[in-house]
Amino acid sequence: MLAGSLIAGGARAETGAGGGADLGGVTLRVAYYKGGWRPLLEAAGEDKTPYRIEWKELNNGVLHIEALNGDALDIGSGSEIPAMFAARQNAKVRFIAVTHEDLNIQVTVAAKDAPIHSIADLRGKRVGYVRATTAHYFLAKQLEEAGLGFGDIEAINLTPSDGYSAFASGKLDAWAIYGYNGQLAIAKQGARLLKTGVGYLSGNFPIYANPKAVDDPQRHAAVSDLLLRIQRAYAFANKNFPIYAAAQVAETHLPLQDILDQFARRSDDFSLAGVTPDVPETHQKVADTFLKLGVLDARAEVGKFWDTSFNEAIAAGAAKLARI
């Protein structure tokens, strides 16, 4: 995809960071993952917004896309994979920025007593995953690398919470999963790590938006303000992670030391960036891979869903952080 195929938002950029607009009457419906943006903003002192946030806990990107498409949400986030399916289905959604997070929490794990020591050992085994997410993608790539495919395993599509219950009760031999559920399986169920998402995922996690929120000047300004708060909160967390970790514990109930150890082993710092030309290009490569896997019925043209109208505000925010 060429940069020219991206949706530009010229005039709106002037009010992108709030621009002094009165946002008191604005409500943003924002989806978050357990342990994610809501406790992050609170830990960083960025939660006192000049608009109201209606938080909705939705723990996989497919749910974020569905809620946006149904006009039940203004902002969500997830990986490139739900975004790819959204593009193929011509969903009512735009992708307005990316976050960079720790790919070491994207994991394929084996049950503690299962005779599984490598991805090749998954042949014939019951393997849980979450369809249309990073777990689907990196599991497929890991299987391919080991000379296997989904037809060689008993692949079981489960929500993250159902997957955890199945894994904990011994109904799964292995599990491809992301976020706190995978870390909980390791900490509480003795799961053994086989592979992480490093080397399989791009590291770009799109922020999804409702086109109505993007096109409305007041909500556009509020969204821009929220993006900058998340950007600043990530910078705070990178330098003061124990404070954010304590806020995560309150929601996830993961052991504090496990969260701190995971951060110490992180693949990358947290950050939020704008839509540079390489972002939709990388996204298109992911979509083309799913087409080759037979998951998509036709090519998903993702470029037209990427919106650059927040880029100026995000770049200004990054420059300000660099001076601190």
Side-chain angles (χ1 to χ4, degrees), residues 6-7 9 12 23 25-38 41 49 51-99 129-137 157-163 177-179 181 204-227 230 251 272 275 279-280 283 286-287 290 295-310:
L6 306 183
I7 299 171
R12 288 193 302 268
L23 304 179
V26 175
T27 295
L28 287 184
R29 301 162 298 171
V30 182
Y32 78 106
Y33 296 82
K34 189 184 291 291
W37 286 348
R38 186 170 71 172
L41 293 179
T49 59
Y51 43 87
R52 179 173 174 264
I53 296 181
E54 183 181 314
W55 291 105
K56 298 174 183 284
E57 184 188 320
L58 299 172
N59 285 306
N60 83 61
V62 177
L63 297 178
H64 289 220
I65 293 289
E66 289 175 349
L68 287 160
N69 190 51
D71 196 23
L73 197 66
D74 294 308
I75 295 294
S77 64
S79 77
E80 295 165 308
I81 288 83
M84 169 202 72
F85 280 96
R88 175 67 191 100
Q89 295 158 3
N90 202 31
K92 296 178 177 131
V93 63
R94 292 184 192 168
F95 314 132
I96 61 172
V98 294
T99 62
Y129 74 108
V130 189
R131 186 183 182 279
T133 67
T134 49
H136 192 166
Y137 181 76
N157 174 28
L158 296 165
T159 66
S161 58
D162 288 345
I177 191 58
Y178 47 81
N181 281 292
N204 292 329
F205 291 85
I207 294 179
Y208 314 146
N210 187 326
K212 291 182 179 179
V214 175
D215 293 339
D216 175 73
Q218 289 289 96
R219 281 193 285 172
H220 190 283
V223 170
S224 189
D225 178 83
L226 178 62
L227 294 178
I230 294 170
E251 283 201 351
L272 185 150
V275 184
V279 169
H283 193 193
V286 173
F290 268 98
V295 177
L296 288 175
D297 60 347
R299 194 170 193 256
E301 302 288 349
V302 302
K304 64 183 180 180
F305 290 86
W306 285 94
D307 184 302
T308 63
S309 66
F310 297 90

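N59 is not listed as a side-chain neighbour of S161, based on a closest heavy-atom distance of 4.5 Å or more. Using a 4.5 Å heavy-atom cutoff, the side chains of L226 and I53 are in contact. The closest side-chain heavy-atom distance from I207 to L272 is below 4.5 Å. Within the 4.5 Å cutoff, the side chain of T99 has no heavy atoms near those of the S77 side chain. Looking only at side-chain heavy atoms (C-beta outward), I75 and I96 come within less than 4.5 Å of each other. Contact check for E80 versus V302: no side-chain heavy atoms found under the 4.5 Å cut-off. The shortest distance between side-chain heavy atoms of V62 and F85 does not fall below 4.5 Å.
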>> For a side chain to side chain contact (heavy atoms under 4.5 Å, CB included) check, start with the C-alpha distance between V214 and F310, then their side-chain angles and the critical distance, and finish with the verdict.
In response: CA-CA 9 Å; V214 175; F310 297 90; 4.3 Å; yes
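Not a single side-chain hydrogen bond (donor to acceptor under 3.5 Å, both in side chains) links H64 to another residue, sequence neighbours left out. Partners of Q218 according to the side-chain hydrogen bond (donor to acceptor under 3.5 Å, both in side chains) rule, which considers only residues two or more places apart in sequence or in another chain, do not exist here. Under the rule for a salt bridge (Lys or Arg N to Asp or Glu O under 4.0 Å), the partners of R52 that lie at least two apart in sequence or sit in another chain are E54. Residues satisfying the side-chain hydrogen bond (donor to acceptor under 3.5 Å, both in side chains) criterion with N69, sequence neighbours excluded, are absent altogether. Scored by the side-chain hydrogen bond (donor to acceptor under 3.5 Å, both in side chains) test, R38 finds Y32, E251 as partners (sequence neighbours excluded). With sequence neighbours excluded, the residues that form a ring-ring contact (aromatic ring centres under 6.0 Å, His included) with Y208 are F95.
Taking CG of D74 as the start and OG1 of T27 as the end, the distance is 9.0 Å to the nearest 0.5 Å. The CD atom of E301 sits 9.5 Å away from atom CZ of R88, with the distance rounded to the nearest 0.5 Å. For the atom pair L63 CG and K56 NZ, the distance stands at 12.5 Å (nearest 0.5 Å). Summarising the geometry, atom CD belonging to Q89 is positioned 9.0 Å from atom CE belonging to M84; distances are rounded to the nearest 0.5 Å. Note: I65 CD1 to L58 CG = 11.5 Å, rounded to the nearest 0.5 Å. Atom CZ of residue F290 and atom CD1 of residue I81 lie 5.0 Å apart, to the nearest 0.5 angstrom.
Under a 3.5 Å cut-off, the side chain of N157 and the backbone N or O of R131 do form a donor-acceptor pair.
Contact record, V93 with F305: O-CD2, 3.3 Å, taken as the closest heavy-atom pair. Scanning all heavy atoms of the two residues, the minimum distance from G76 to A31 falls at CA-CB, 4.3 Å. When all heavy atoms of N60 and Y178 are compared, the pair lying nearest together is CB-OH, 2.9 Å. Heavy atoms only, all atoms of each residue included: A287 and A300 are closest at CB-O, 4.0 Å. Contact detail for L73 and L68: the closest heavy-atom pair is O-CD2, 3.4 Å. Here the closest non-hydrogen pair linking S79 and P206 is C-CD, 3.4 Å.
Every pair passing salt bridge (charged side-chain N to carboxylate O under 4.0 Å, His left out) that includes a residue from residues 61-73 is listed here, sequence neighbours excluded: R29-D71, D71-K212.
Using a 30° and 60° split on the angle between ring planes, H283 and W306 fall in the perpendicular class, above 60°.
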